[in-house]
*Asks:* 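Would you mind keeping the following structure in view while I ask a few things?
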Amino acid sequence: MVFVLRSNKNAVFLHHEVSGITMDESFIDSLKDKSREEVVEISTEYCFELAKKVADWRGGYYLMTPMKRVDLTVRLSEKIRGYLDENKL
């Protein structure tokens, strides 16, 4: 499951309170003291890098839309689709 985070608070909550969701502490730390837009950019890039790492083994991706922000899921899915098309995967 992949989804773009909206804030450092969102990351900390998911990491500590939702069973089965873990994130690197260094990633969570990189979101501290950042604006919402900066968090979205960092999170989108992080998700994109994860998607690229598993591209050869995927059967597909499960993207979740965070808090009705469909635009964030669209942005990530377009980046992933572009990468897959460009690399003929």
Side-chain angles (χ1 to χ4, degrees):
M1 172 176 47
V2 178
F3 59 98
V4 178
L5 299 167
R6 294 184 50 209
S7 66
N8 177 263
K9 183 179 175 182
N10 183 216
V12 170
F13 174 80
L14 291 170
H15 181 67
H16 293 288
E17 303 297 331
V18 180
S19 179
I21 294 181
T22 58
M23 293 175 232
D24 293 336
E25 290 291 339
S26 61
F27 171 67
I28 295 171
D29 290 344
S30 74
L31 305 177
K32 286 182 183 172
D33 302 320
K34 299 289 194 281
S35 70
R36 277 219 170 158
E37 191 52 42
E38 288 172 315
V39 169
V40 166
E41 289 302 319
I42 293 167
S43 181
T44 300
E45 193 57 34
Y46 185 80
C47 292
F48 178 58
E49 291 302 318
L50 288 174
K52 286 180 2 183
K53 285 181 182 179
V54 300
D56 288 335
W57 302 285
R58 80 200 178 331
Y61 295 102
Y62 181 70
L63 305 179
M64 286 188 62
T65 300
M67 302 180 189
K68 299 182 183 180
R69 290 289 310 270
V70 174
D71 59 306
L72 302 181
T73 303
V74 169
R75 183 189 319 181
L76 177 59
S77 65
E78 287 173 346
K79 283 183 73 119
I80 294 170
R81 177 82 268 155
Y83 174 80
L84 296 174
D85 288 348
E86 183 178 301
N87 293 284
K88 297 181 181 18
L89 297 173

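Scope of the values below: all heavy atoms of this structure, side chains included, with no hydrogens, waters or symmetry mates.
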*Asks:* Just so I know, are the side chains of Val2 and Tyr62 near enough to count as touching, which here means a heavy-atom distance under 4.5 Å?
*Replies:*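 Heavy-atom side-chain distance check fails, nothing below 4.5 Å.
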*Asks:* Once rounded to the nearest 0.5 Å, what's the spacing between atom CG of Leu50 and atom CD of Glu45?
*Replies:*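 Rounded to the nearest 0.5 Å, the CG-CD separation comes out at 10.5 Å.
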*Asks:* Are Val40 and Leu5 grouped together when hydrophobic residues (ILVMFWY) are joined by side-chain heavy atoms under 4.5 angstrom apart?
*Replies:*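 Different clusters: Val40 never reaches Leu5 through Ile, Leu, Val, Met, Phe, Trp or Tyr contacts under 4.5 Å.
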*Asks:* Please check: side-chain N/O of Thr44 versus main-chain N/O of Glu41, any donor-acceptor pairing under 3.5 Å?
*Replies:* no
*Asks:* Quick check for you: to the nearest 0.5 Å, what is the distance between His16 atom NE2 and Met23 atom CE?
*Replies:* 9.0 Å
*Asks:* Hey, could you give me the NZ/CG distance between Lys52 and Leu84, rounded to the nearest 0.5 Å?
*Replies:*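 Output value for this atom pair is 11.0 Å.
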*Asks:* For a salt bridge (charged side-chain N to carboxylate O under 4.0 Å, His left out) check, start with the C-alpha distance between Lys79 and Glu49, then their side-chain angles and the critical distance, and finish with the verdict.
*Replies:* CA-CA 10 Å; Lys79 283 183 73 119; Glu49 291 302 318; over 6 Å; no
*Asks:* Within the structure provided, determine whether Leu31 and Ile42 are in side-chain contact (heavy-atom separation under 4.5 Å).
*Replies:* yes
*Asks:* Nearest 0.5 Å please: distance from the NZ atom of Lys53 over to the CG atom of Asp56.
*Replies:*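 One finds 13.5 Å between NZ of Lys53 and CG of Asp56.
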*Asks:* Output yes when a side-chain donor or acceptor of Tyr46 lies under 3.5 Å from a complementary backbone atom of Phe27, and no otherwise.
*Replies:* no
*Asks:* Could you check if a side-chain atom of Tyr61 sits within less than 4.5 angstrom of a side-chain atom of Val54, using non-hydrogen atoms only?
*Replies:* yes
*Asks:* Which atom names give the shortest non-hydrogen contact between Thr65 and Lys68, and what distance separates them?
*Replies:* CG2-C, 4.1 Å
*Asks:* Do the side chain of Asn8 and the main chain of Ile28 share a donor and acceptor less than 3.5 angstrom apart?
*Replies:* yes
*Asks:* Quick check: are there more than 12 heavy atoms from other residues, nucleotides or ligands sitting under 6.0 Å from CG of Asn87?
*Replies:*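 Correct, the count exceeds 12.
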*Asks:* Taking all heavy atoms of Leu63 and all of Thr73, pick out the closest pair and write down the distance.
*Replies:* CB-CG2, 4.0 Å
*Asks:* Quick one: do Glu38 and Ser35 satisfy side-chain hydrogen bond (donor to acceptor under 3.5 Å, both in side chains)? Show the steps, please.
*Replies:* CA-CA 5 Å; Glu38 288 172 315; Ser35 70; 3.2 Å; yes
*Asks:* For the pair Phe48 and Tyr83, name the ring-plane relationship: parallel under 30°, tilted 30 to 60°, perpendicular over 60°.
*Replies:* perpendicular
*Asks:* Take Glu78 and Arg81, measure what salt bridge (charged side-chain N to carboxylate O under 4.0 Å, His left out) needs, and give me the verdict at the end.
*Replies:* CA-CA 5 Å; Glu78 287 173 346; Arg81 177 82 268 155; over 6 Å; no
*Asks:* Do Ser43 side-chain atoms and Val4 backbone N/O form a donor-acceptor pair below 3.5 Å?
*Replies:*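 Checked: no pair found.
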*Asks:* Is Val39 linked to Met64 within one hydrophobic cluster, defined over Ile, Leu, Val, Met, Phe, Trp and Tyr using a side-chain heavy-atom separation of less than 4.5 Å?
*Replies:* yes
*Asks:* Roughly how far, to the nearest 0.5 Å, is CG of Leu14 from CD of Glu17?
*Replies:*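 The CG atom of Leu14 is 9.5 Å from CD of Glu17, to the nearest 0.5 Å.
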*Asks:* Would a distance-only check, ignoring hydrogens and angles, find a side-chain to backbone donor-acceptor pair under 3.5 Å from His15 to Thr22?
*Replies:* no
*Asks:* Tell me the closest heavy-atom pair linking Arg36 and Ser7, and the distance in Å.
*Replies:* NE-CB, 4.4 Å
